[in-house]
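Position 1 is the first residue of the sequence, and the numbers go up from there. Quick caveat, the model's predicted, so the values are computed rather than measured.
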Amino acid sequence: AAAGRTAAERAAAEAEALSTALENAEKAKAALEAALNDEQATAEARAAEVASLGEHLNSAKAETDKITTELEQKISEVDDLRSDAAAADAEKSSVAAEAAVAKEKADAALEAALAEAAAAKEAAEASKLEAE
């Protein structure tokens with residue numbers, strides 16, 4: 001009977017140890033599930049943050065593209081204005097050269113007219129002297 005009691009006590013002790021081990025395993029399982037839920041919530045929050053950052057990045061890229069396009073248009077306008085200014089300078093130089101040539105011709109014509117007038121005056125004075 002004593003041996004049966006000892007075996008029964010050992011069996012009871014083993015059953016209690018197994019019960020404690022089962023409780024500990026269930027607690028560990030619950031803790032792991034809670035940790036997994038926390039990790040999943042953190043991963044979802046990070047995914048939302050990454051998605052939001054992606055939207056911000058796309059928005060910034062669109063704004064950058066818009067500004068780049070506007071800048072390229074302004075550069076093109078400045079290049080056009082520079083070309084127009086260069087053409088105007090070239091035309092101004094051409095007009096100035098034509099004006100210089102015209103002035104030289106006018107000066108020569110004036111000198112010729114003055115020489116002709118002086119010659120006519122001399123001829124008239126000579127004629128007048130002869131007539132007297």
Main-chain N/O of A15 paired to S19 side chain as donor or acceptor, under 3.5 Å: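 Absent.
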Test your reading of the model: is there a side-chain donor-acceptor pair from S94 to the backbone of A90, 3.5 Å cut-off?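 Looks like no, no N/O pair under 3.5 Å.
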Roughly how far, to the nearest 0.5 Å, is [atom2] of [Y] from [atom1] of [X]?
| X | Y | atom1 | atom2 | answer |
| --- | --- | --- | --- | --- |
| K74 | L81 | NZ | CG | 10.5 Å |
| K121 | L114 | NZ | CG | 11.5 Å |
| E116 | E111 | CD | CD | 13.5 Å |
| K105 | L110 | NZ | CG | 16.0 Å |
| T64 | L71 | OG1 | CG | 11.5 Å |
| E130 | E125 | CD | CD | 13.0 Å |

Heavy-atom side-chain contact between [X] and [Y] under 4.5 Å:
| X | Y | result |
| --- | --- | --- |
| S59 | E63 | no |
| L53 | L57 | no |
| T68 | E72 | yes |

Tell me if the CD atom of E70 is crowded by more than 12 foreign heavy atoms within 6.0 Å.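 Enclosed.
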